[in-house]
Amino acid sequence: MRDLFTEIWESVRRNKLRTCLTGFAVSWGIFMLIVLLGAGNGLMNSFMQGGGDFASNSVSVGGGWTSKPYDGLKSGRRITLDDTDVSLTASEQFLDHVDKVSATVGANATISYGKKYFSGYIDGQYPAVQEMSKVEILHGRFLNDKDIDLSRKVVVMPESTAEKLLDNGQSPATLIGKYVKVGGLAFRVVGISKSERMRNDNNLYAPFTTVKTVYGKGKDVGSISFTTKGLNTKADNEAFEKQYKSVINLHHRAAPDDERAIWVWNRAEQDVQMKQGRSILSTALWIIGLFTLLGGIVGVSNIMLITVKERTHEFGIRKAIGASPWAVTKLIISESVCITAFFGYIGMFLGMLTCTLLDKTLGQAKMSLMDQQIAMLVDPGVGLDVAIEATLVLIIAGTLAGLFPARKAAGVRPIEALRAE
Amino acid sequence: MLIELKDVNKTYNNGQPLHVLKGINLSIDKGEFVSIMGASGSGKSTLLNIIGILDNYDTGEYYIDGRLIKGLSEKQAADYRNRLIGFIFQSFNLIGFKTAVENVELPLFYQGVSRSRRHALAMDYLDRLGLADWAGHYPNEMSGGQKQRVAIARALITNPKIILADEPTGALDSKTSEEVMQLLGKLNREEGVTIIVVTHESGVANCTDKIVHIKDGIIGRIEDNREHRASMFGTDTIMK
Ligand SMILES: Nc1ncnc2c1ncn2[C@@H]1O[C@H](COP(=O)(O)OP(=O)(O)OP(=O)(O)O)[C@@H](O)[C@H]1O
Ligand SMILES: [Mg+2]
């Protein structure tokens, strides 16, 4: 092995400039591949994060309008979800696939604290919503089961909402334990959550039961959300949705196959689409990157050919004194792989460095889109898997680049080479 | 017989077919010191290349130590060359970017001998040829005679049965030529190596024990020269 590297080094040393120029093309190819994939990842991460405020296995259900007559009732009827739907969702029949169930009711209300006020929305929720909507608590706590059981008048508000109620410079944490007025009633602030990009900032979380009694919604429920389990494929998800709709529809005397009586928003399905999009994008980027790399490979193949031509006499000597064709082939292919790998790694390193720079610059830049702040790139860069794949690509590319020149070198006839003087 | 050629024919087919060897019959025994003489273009180098398994022949038979050398794969031919034959060329054919000792080591590298062992052996051979001080030098830092001695060391290092030399003194002055020939003679006498030298210099041929004359692709006269009196220029000088 050491002998092989010595030989390669001797050869490369004699052709420094030529090797570096060609090596640059390889570096560039790998650099482009890494940067493209890294930026692509950043872009996809940004999309993912846009929809990332919900757990990927969460389902939201709301009332709709019937689209076909059923059981003597006309189509176009408004369906409002109610308590029975909540218990149906949590019932035995869906036990295999439904995990945590939560329901919401809500009402608009003026929220005030001292002299400050704003008009907001009080969102009656179950504690399970924390996990489903990925609510992050900064101070205090989120709603708990006791709040639900006792219909406590407590609220959890986003940081930005809290700031609206406070004088400049006051920490939102100071609101914890204080009472704010929600539509005339005093609610105690138990927690401050992190403001979310995808959610209306004027939303306050309060216990479902409290909001329901206070705002007298009777049996009606705004929406139901739940997390699913054991639904691994698209088919699983579709079958479950179909069954779920038929059960809820029947409860409202709507056709079991009515698609519009209730609406069901299944994050899992969207997730599948996201993943597909991601893989299409990365395939496209790989192809572009590989074509860029191809230029470098042709270059390496080219200098190897020139090298072989220059060294014909030397290979003749080697073969005359006992080098087998394979020994010569090995020499050329290893040289080609070494050049490709060496410059490839330089490119890979610079590519990763650039991804880090992208993260520091574009990754911090926010884009305003439909009132939301979206980072253009989130965590651009490539993982270890891509580094390993790229290494494999380099080795294969180097071998391919060396193959033709090596065959030429191995085919050198010693007498002809020795005569060529 | 170490080397046996029976009715060997060789035709070059580049454009005009050229029948260079027209039925060569030649036997060389182990331990002989033979020269092959002939006019330019008579086929000396062609014959030597066939003996050295560097080239193929068309018809006939060629045996080394009773083994028929015909239709060998490249790998096999390389292996035979490596183990059985040492080459010395007119233009030395050392590898320019390798030092003397690295050049000498090379045949052992292809035998898979370990680094330290082949270095020690190469130094040993260079020492025997009086070149120990030149081990680290590159060929272009050496005189012709020194280069040829490095080449001889390289030919000897695998301990081959046969040494083939094509015009080994062709690029050397008369004094160095004589030194080289004396060196070969000594190797032949003391180590019993079979040596075949191609030359068109009678002085060089005179240093050998047997002179094979080749003319128009066939073996002519075979002179017994154990008395070393063939050269008209005297017995112990090589005139240039
Ligand atoms: N590869 C080849 N293709 C075609 N013809 C060749 C080839 N090699 C040698 N010849 C021809 O074969 C003949 C014999 O060549 P060879 O080299 O054996 O002669 P030689 O006796 O060694 O001559 P010299 O003393 O000049 O070296 C020459 O006429 C030469 O031109
Ligand atoms: Mg010749």
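This is a predicted model, so every value here is computed, not measured. Numbered from 1 within each chain, the chains take letters A, B, ... in sequence-line order.
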Count the heavy atoms belonging to other residues, nucleotides or ligands that lie under 6.0 Å from [atom1] of [X], then report whether that count exceeds 12.
X: A/Arg407; atom1: CZ; answer: no
X: B/Tyr12; atom1: OH; answer: yes
X: B/Lys70; atom1: NZ; answer: yes
X: B/Tyr138; atom1: OH; answer: yes
X: A/Trp28; atom1: CH2; answer: no

Closest contact, heavy atoms only, [X] versus [Y]:
X: B/Phe87; Y: A/Ala320; answer: CE1-O, 3.4 Å
X: A/Ala323; Y: B/Ala78; answer: O-CB, 3.5 Å
X: B/Tyr110; Y: A/Gly322; answer: CB-O, 3.6 Å
X: B/Lys75; Y: A/Ser324; answer: CG-CB, 4.3 Å

How many angstroms lie between atom [atom1] of [X] and atom [atom2] of [Y], to the nearest 0.5 angstrom?
X: A/Ile317; Y: B/Asn93; atom1: CD1; atom2: CG; answer: 4.5 Å
X: A/Glu314; Y: B/Phe97; atom1: CD; atom2: CZ; answer: 3.5 Å
X: A/Ile321; Y: B/Ile95; atom1: CD1; atom2: CD1; answer: 6.0 Å
X: B/Glu102; Y: A/Thr6; atom1: CD; atom2: OG1; answer: 8.5 Å
X: A/Ile415; Y: B/Asn49; atom1: CD1; atom2: CG; answer: 5.5 Å

N-O pairing of B/Lys98 and A/Glu7 below 4.0 Å: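 Salt bridge present between B/Lys98 and A/Glu7.
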Part of B/Ile85 lying under 4.5 Å from any heavy atom of chain A: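 Looking at B/Ile85, nothing touches chain A.
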Review point. What part of B/Tyr80 gets closer than 4.5 Å to chain A, counting heavy atoms only: side chain, backbone, both or neither?
Key: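 No part of B/Tyr80 comes within 4.5 Å of chain A.
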*asked:* If I measure from the heavy atoms of chain B, does A/Arg318 come under 4.5 Å with its side chain, its backbone, both, or neither?
replied: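 For A/Arg318, backbone and side chain are both near chain B.
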* In terms of heavy-atom pairs under 4.5 Å, which option from B/Arg154, B/Arg115, B/Glu74 contacts chain A the most? ->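 If we count pairs closer than 4.5 Å to chain A, B/Arg115 comes out on top.
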